[in-house]
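Quick note on labels: first sequence line is chain A, next is B, and so on, each numbered from 1. In this text the structure is predicted, and so the values were computed from the model without any measurement.
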Amino acid sequence: MSAKAYDVVIIGAGIVGSACAAECAREGLSVAIVEAGIIGGGATAAGMGHLVVMDDSEAQFALTRYSQQLWDEIGDELPREVEHDACGTIWIAVDDEEMAEVARKAKFYSARGVPVEILDAHSVAEAEPNLRPGLVGGLRVPGDSVIYPPCAAQFFVDQAMSKGAALFVSKAVETITSDGVCLRDGSSISAGVIVNATGSWSPVLTPGLEVKKRKGHLVITDRYPNFLRHQLVELGYLKSAHSLTAESVAFNIQPRKTGQLLIGSSRQFDVDETGVEGSIVTRMLSRAIEYLPRLRKLSSLRTWTGFRAATPDKLPLIGPHVEHKRLYLATGHEGLGITTSLGTAKLLVAQIMNQRTAIPVAPYLPARVTQEPVHA
Amino acid sequence: MPDTVTVVVNGVSVTMPAGSMVASAILKTGVYGFRRSVNGEPRGPLCGMGICFECRVTIDGEQHCRSCQTVCRQGMDVRTDG
Amino acid sequence: MAEVCDVLVVGAGPAGMAAAYRAAQNGARVAVVDDNPAAGGQIWRGEQAKPASREAQTWFERIRSVDIQFINGARVFQQPRAGTLLAETPEGVRELSYTSLVLATGARERFLPFPGWTLPNVMGAGGLQALVKTGLEIEGKRVVVAGSGPLLLAVAAYLRGHGAEVLLIAEQASWGRLARFGLGLVLGKEKLAQAWKLRKDFSRKGAKAQRKSVRYLSGCWVIAAHGEEKLESVTLFRGGKQWQVACDYLACGFHLVPNVELAELLGCVVENGCVRVDEFQQTTVPQVYSAGETTGVGGLELSLVEGEIAGFVAAGKHDDARQLFRIREKHRKFAKLLNRTFALREELKQLPAPETIVCRCEDVTFARLRAHNSWRAAKLQTRCGMGPCQGRICGGAVEFLFGWRAESVRPPVLPVRVESLVRGSE
């Protein structure tokens, strides 16, 4: 049917796809956004909106740091519903081994210009009075913040559309063709460039992609406005995120502007069904209660699950597909999609327009996975 | 079993027939706004059957208790946030 | 740790009581779990010690005459595995294991938003009645009863009997509808008598004896509630005319919506907001039955007979159950008539103003909601339905206003303490 030509067609209006759309439109490209469900309905809807710097690799740090700076730049523009809150993160240390990790992180971040503060046992208790006694300390990262991602995705879509982007919502893409996409309803959209930003579904449209679903659970409580001031994450979180075992939980809790507490986190490979699993919730909440005993008595309203898009080296795929001339990938963000959506958008559009990227793009290129692994 | 029960609402003692719910005790003290909504509007009981959660108050230190579903017990401490 | 029974009944209203009675009478070990402090559900709330009708008396006597374990003040929130439900109490979590399950979770009022409906002292019709039953003093207070359904008359009569000055009853259904199906038939003998009595009654309570009869206005509804920190007056609409009435309480509800959340959590098929059951009150999940308003709003008599059938079947007495099929059919016809008569008119969709709050938990306005095409999108973008009521209050409204239906249910079915949720997998 109709084949209107766009410069770029972006498949998926999650936070990554919508950020890419906004950036394309800002650069004067004509954009079509095609979303099978609703805007921000995938992992964007399910996850924690934590804007965080991470340091398990230089590449991960570079992308999160770059992205965080981009978030800071647009902070004032974000509508109220995005609930942007600069609450900061505290990484919690329970023993000397974790405290050594705190010191390492502090050194790493300080050397790279990220403000941090080492907290000892006394000051971590002061910073968060509801933490259990006996913790050894922590690392406070004041530059981290928190948002409500679905509204951010909507905001980016609105931005894109205000610059002329076309939105096709509740329209599923059946196949990616040589010059665009074919929709399930039989129509097609042709474009100079196609972007697969469908998160954990990306291997469906681009077979062979090494993106695996990684299930997560979350619980949200009623409103307790002064219970928590920062997002709290246990240092064991990194062990969980790295783990190749089937399932793991790690303490991760976020205060929302609403005063509600978002309690996570869990990771499971090889689980396809979306149902809430009681055993995971039990493990996850028990872990959280170890750090915040007073959580026990709080009222919990809802539980839900979501699927992260995980890659083997824990870095996203941002750049041209190895074979398909016009296809780009913007997927595989695992637990950092919210933060790195903005950096992803910049890197993607720069590549599409053959411009220099603000940070080296090599670690995120899809081409890297077909080569020997590069050790950072 | 005694016919009446006395609870304390916002520091004020109020005596109710045994078996009364906390919500009725609160209303008896002339308080209609039990809590504030997200945008600060006063709210009181709506459904009377434990479903709407508009009647939530703090009872004996525990927040977010549905007062329409909580039976008055002697000496209960009730705080509204209207 | 698990408490074991043959038949577990969720809900101690008339349907639950009837099911428990028949099952226990036939030798089953029966437990009934309910959030309220005593049996009776909404309609017979607080009547265990002093039934207000012959029917209530009969059934309270019956449940006392057999061996039933009543677990009160307990709210069911999760099914950790087949054959077991978890219920939260103030003391902790109780694990209830069963062979057969009867879901008699009843119904709740439907609330439709209109300007001012969030003011304190605007309540449901059943809502205000429940509060009076549990200790609210209503004597001398001016009450407007509004909305739709036979419940309005029952509530008005009850409030009047406790000394309230019921100013009027505003029923949105047209007189044509009410009359066409025979008001007496619709209301049933007992309720017609109540209605008649209202018109001529003199209140004997209190110093302010009322000599006026209570106006029952058909084709009439509240279009706004007014007041500063609480309700002070309402504006009514009827036949093109509007007028304001000063009052202390507005008791307003638009018929009933079945409580199907637990059934959905267990995987029962729900159609048009009602749990689907076969002739033996069996749901689409084996060994799970449902009875009463949960299977479709139909009134007291239907709830009782459905409960009895479910109780018989759960105890293996299918022949006894069959004996009740004809009575059930009769009451089902009445239920259909009831729902047709009190169907909500289209004009009620115009009630909310753009800034009228629809989701009370999250203060989401009508204007914000109607910007979206689907419940999922509206929910995600506005947080409507994500508050503690889990969409139970706004759900009835958005279904009427936009045709949106709630999606799948996840545990906890009602908010529970974090420590209770931890028990979820044991």
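Listed for the A:E81 side chain is no donor-acceptor partner under 3.5 Å among the backbone atoms of C:T382. The backbone N or O of A:T303 lies less than 3.5 Å from a partner atom in the side chain of C:R410, making a donor-acceptor pair.
Closest approach of A:T258 to C:R383, counting heavy atoms only: CG2-NH2, 3.6 Å. Residues A:S300 and C:L421 share a closest heavy-atom pair of OG-CD2, 3.3 Å. The two atoms that bring C:L380 and A:I39 nearest to each other are CD2-O, 3.8 Å, heavy atoms only.
With rounding to the nearest 0.5 angstrom, the CG atom of A:L285 is 11.0 Å from the CD atom of C:E419.
Using a 4.5 Å cut-off between heavy atoms, A:V169 does not touch chain C at all. For C:C389, no part lies near chain A; criterion is any non-hydrogen pair under 4.5 Å. Contacts between A:L301 and chain C at a heavy-atom distance below 4.5 Å involve backbone atoms as well as side-chain atoms. Only the side chain of A:Q260 comes within contact range of chain C, judged by heavy atoms closer than 4.5 Å. Of the atoms belonging to A:R223, it is side-chain heavy atoms, and not backbone ones, that fall under 4.5 Å from chain C.
Atom CG of A:D185 has more than 12 heavy atoms from other residues, nucleotides or ligands within 6.0 Å. Counting heavy atoms of neighbouring residues, nucleotides and ligands inside a 6.0 Å radius, atom CD of C:E228 does not exceed 12 of them. More than 12 heavy atoms of other residues, nucleotides or ligands lie within 6.0 Å of CH2 in A:W71, so this atom counts as buried by the packing criterion.
A 4.5 Å side-chain heavy-atom check between A:R296 and C:R417 finds every atom pair outside the cut-off. A 4.5 Å side-chain heavy-atom check between C:P415 and A:D222 finds every atom pair outside the cut-off.
By the salt bridge (Lys or Arg N to Asp or Glu O under 4.0 Å) test, C:R75 pairs with C:E88, sequence neighbours left out.
Against chain C, the residues from residues 40-51 of chain A that qualify, each with a non-hydrogen atom under 4.5 angstrom away, are A:G40, A:G41, A:A45 in number order.
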Audit row: C:Q381, A:C151, side chain to side chain contact (heavy atoms under 4.5 Å, CB included) steps and yes/no
CA-CA 6 Å; C:Q381 292 296 320; A:C151 288; 3.6 Å; yes
